Amino acid sequence: MKFLASLLIAFLFVSTVFAQKTEYSTLLISDSLKQNSNAVVRLDQIDIVISSQRDMNIKEKRVVTVLNEKGQEAIDAYEHYNKKTTVENIQATVFDAFGNEIKKLKRKDFRDQCATDGGTVFSDSRYVFLDYTPTQYPFTIIYESEIETSTTAFIPQWYPLNDYHLSVEKSILNVSYPDNLGFKKMEFNFSNFKINKAVDSSTKLSYVATNILALKQEDYSPAYSIFPKVMMGLELFHLEGVDGNAKSWKEYGQWYSDKILTGTAELSEETKTKIKNLVGNEKDPIKKAAIVYKYLQEKSRYVSIQVGIGGWKPMLANDVDRLGYGDCKALSNYTRALLNAVDVPSYNTLLYGDRNKHDIQSDFVSMQGNHMILSIPNGDKYVFLECTSQDVPFGYQANFTDDRNVLIIKPDGGEIIRTQKYENKDNSQINTGKYSLDETGSLSGAIAMVSEGSQYGKKVRVEKMQPTEKEAYYKEFWDNISNLKINKSVFSIDKEKVSFTENIDISADNFGKISNGKMIFVVNAYNQYTGSVKRVRNRKTPFEIQRGYYDTDEISISLPAGFAIESLPQNFESNTKFGEYKTEFIKKDNNNIIYKRSIFIKKGLYKNTEYDEYRLFMEQISKNDNAKIILTK
């Protein structure tokens, strides 16, 4: 009996050890979860305990199997901390493909660094993160953390799935809270996922998501709109050492103005006098603001640190004035102080800064946004200032803060407004140029390209490139021209009109291909659409063109002596719901042609079933942009 008992104990011990080793084996992951996946989240459990208006604890256990190098980001092992948020625990354990433990990682094994290298003002804003380099794939990592904070104004959003090519075995959210703080939630995009609301009471909320298959990223997929998420907030909250109470954006904005911004915009009398002298006798508020904005750009530099990481209260305007740098909150607030000195009203404005348009959720009052700009009233509209850039023209917003819902903070309350839209034809590139071909097919030409709207923001960076960078940029831009040489480049920037002009002289050998006494060349040398819209079978998501644009080209072409035109492309025109395209070939005489082209693409959100129609439209453009002239010697 003793022998049998010992044998049983030994068997149970071996079984337990074996189970521990195999629990995280990649062999246990179903094939459906591996399909299209770079990583599989085996478990992501977040437990949020809100004990009071001034106390929130967040624990997370995240088990991720990384299948390949592209899945590394899914580990997501980092935490921010400061004087009001502490990292109570952070650790990780790594397992090999068979579930055998490889390594234990304690806090000392995590990297800990300042959230910015901009100076000691931000030294209390830090983050700790895991920088683990695997020896082989796949591997599994268990990441565990615990955060304690007095900031309850910002409850983390729950994303059971937050990326493409990522699958999820199980994701759990547990939240507990007092029934007197006005806890609220909003669910998004649940319908296509296996998400169960396990508990929803006056003091507890719990969700469980299971077996979420990886989504393939489809070209032109809408940003931020297809993943499931839960937003949460409190009507009674705490931020930056101050209690808050807000049921509406108006209440929230007034609280932010009174409790967070008050006292942050003081300037010395010396600085006030300097700004007043700079503005002089100018009476127009917007012209005053333009003078102040130019002063800001020349005096200060931006230190990169997101809203929320370095706190939500701006650095004092006097400190920015003394040090000459700040983050987005600090520089926006400093600009507000400078404008106050010359009696120009302006308002701090919270938003999501991103190249993809991302709205403040207007029907859910909560702490939102990752960026701050400044808004200046101008009649019934606003001029918006990006205070972090030393180069952006006054009031220019395209490609980072344009066309989205933002929260403007006024002394009498908050208000949701929409930033400036750059409509389709505002985003223009007007090309005027010429080129000539000699009898060997060599090209020599010059073009002036004038870019405005969102195209200004994309192109103006070229002006500051080094010569080798410029050459590489144009060789990629004109990848349709072999043997390209950039002989001369001259740029001009009109910040008042927000216009960028490129004057480029080029040459290229063998642009025209000669064979059997004929020369063949592509007419559209300067602005050819050489891309393609990828075919997507059984497309699942709608598709979005976030920013429309309008290009026009008028190019004079001189043909080589001794050649006659054998074949000239037909004029072409196409009008669709996605845009318009037109080409025209005008024969002036036997040696001179004028080529005209226009392309107009409309922004919009389109159905998944319309994607093929759009793809065919762009294929037509590509085909006609590649139209050729045939000359006979």
Side-chain angles (χ1 to χ4, degrees), residues 424-425 428-451 455 474 477-484 502-533 549-576 578-602 615-633:
N424 302 314
K425 289 202 172 182
S428 63
Q429 180 179 286
I430 310 302
N431 296 338
T432 308
K434 61 183 181 180
Y435 69 83
S436 61
L437 296 174
D438 66 15
E439 63 277 5
T440 68
S442 294
L443 176 147
S444 177
I447 186 167
M449 299 183 287
V450 182
S451 301
Q455 297 215 56
Y474 282 114
F477 184 74
W478 283 312
D479 61 358
N480 57 298
I481 303 178
S482 301
N483 310 309
L484 177 69
E502 304 160 84
N503 285 286
I504 314 294
D505 290 359
I506 69 169
S507 60
D509 295 336
N510 302 317
F511 182 74
K513 308 301 180 186
I514 298 177
S515 177
N516 298 322
K518 299 180 187 294
M519 182 186 294
I520 302 175
F521 65 95
V522 176
V523 188
N524 185 356
Y526 290 120
N527 197 14
Q528 189 180 144
Y529 174 69
T530 58
S532 63
V533 176
Y549 64 90
Y550 179 57
D551 285 6
T552 64
D553 304 83
E554 184 167 333
I555 309 298
S556 299
I557 304 167
S558 296
L559 304 178
F563 282 83
I565 298 173
E566 177 182 311
S567 175
L568 195 65
Q570 296 293 311
N571 295 342
F572 180 82
E573 186 170 356
S574 177
N575 295 308
T576 73
F578 314 109
E580 302 165 7
Y581 175 79
K582 182 178 181 181
T583 60
E584 186 178 3
F585 301 87
I586 303 170
K587 182 180 176 182
K588 293 182 67 179
D589 55 45
N590 288 334
N591 291 98
N592 291 282
I593 296 169
I594 293 176
Y595 169 65
K596 293 184 178 182
R597 170 190 183 268
S598 63
I599 179 172
F600 171 40
I601 301 295
K602 301 176 184 177
R615 182 178 61 80
L616 293 172
F617 172 58
M618 297 307 292
E619 278 188 4
Q620 279 186 323
I621 292 173
S622 179
K623 179 181 177 181
N624 282 276
D625 271 3
N626 196 43
K628 297 176 178 68
I629 288 180
I630 301 175
L631 307 178
T632 302
K633 195 167 184 177

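Sequence positions, counted from 1, serve as the residue numbers for this chain. Owing to the predicted nature of the structure, the values given are computational and were not obtained by experimental measurement.
- A donor-acceptor pair is defined here as one N or O able to donate and one able to accept, closer than 3.5 Å; such a pair exists between the side chain of Thr576 and the backbone of Phe578.
- For the pair Tyr529 (side chain) and Asn626 (backbone), a donor-acceptor distance under 3.5 Å is absent.
- Between Phe521 and Tyr435, the ring planes lie perpendicular to each other; the angle is over 60°, past the 30° to 60° tilted range.
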Identify every side-chain donor-acceptor pair in residues 555-573 under 3.5 Å, counting partners at least two apart or on other chains, and give the distances.
unit_1 : atom_1 : unit_2 : atom_2 : d
Ser558 : OG     : Asn592 : OD1    : 3.3
Glu566 : OE1    : Lys518 : NZ     : 2.5
Glu566 : OE1    : Thr632 : OG1    : 2.5
Asn571 : OD1    : Phe585 : N      : 2.8

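- More than 12 heavy atoms of other residues, nucleotides or ligands lie within 6.0 Å of NZ in Lys602, so this atom counts as buried by the packing criterion.
- Panel note: side chain Asn480, backbone Ala525; a donor-acceptor pair is recorded below 3.5 Å.
- A donor-acceptor contact closer than 3.5 angstrom links the side chains of Asn527 and Asp551.
- Every salt bridge (Lys or Arg N to Asp or Glu O under 4.0 Å) that Glu619 has, sequence neighbours left out, goes to Arg615.
- Aromatic ring orientation, Trp478 versus Tyr474: parallel (interplanar angle below 30°, classes split at 30° and 60°).
- A 4.5 Å side-chain heavy-atom check between Asn590 and Lys587 finds at least one atom pair inside the cut-off.
- Between Ile601 and Phe617 there is a side-chain heavy-atom pair separated by less than 4.5 Å.
- Tested against Met519, the residues Leu631, Thr440, Ile630 include a single side chain to side chain contact (heavy atoms under 4.5 Å, CB included) partner, Leu631.
- For residues 624-633, the pairs satisfying salt bridge (charged side-chain N to carboxylate O under 4.0 Å, His left out) are Arg597-Asp625, with sequence neighbours left out.
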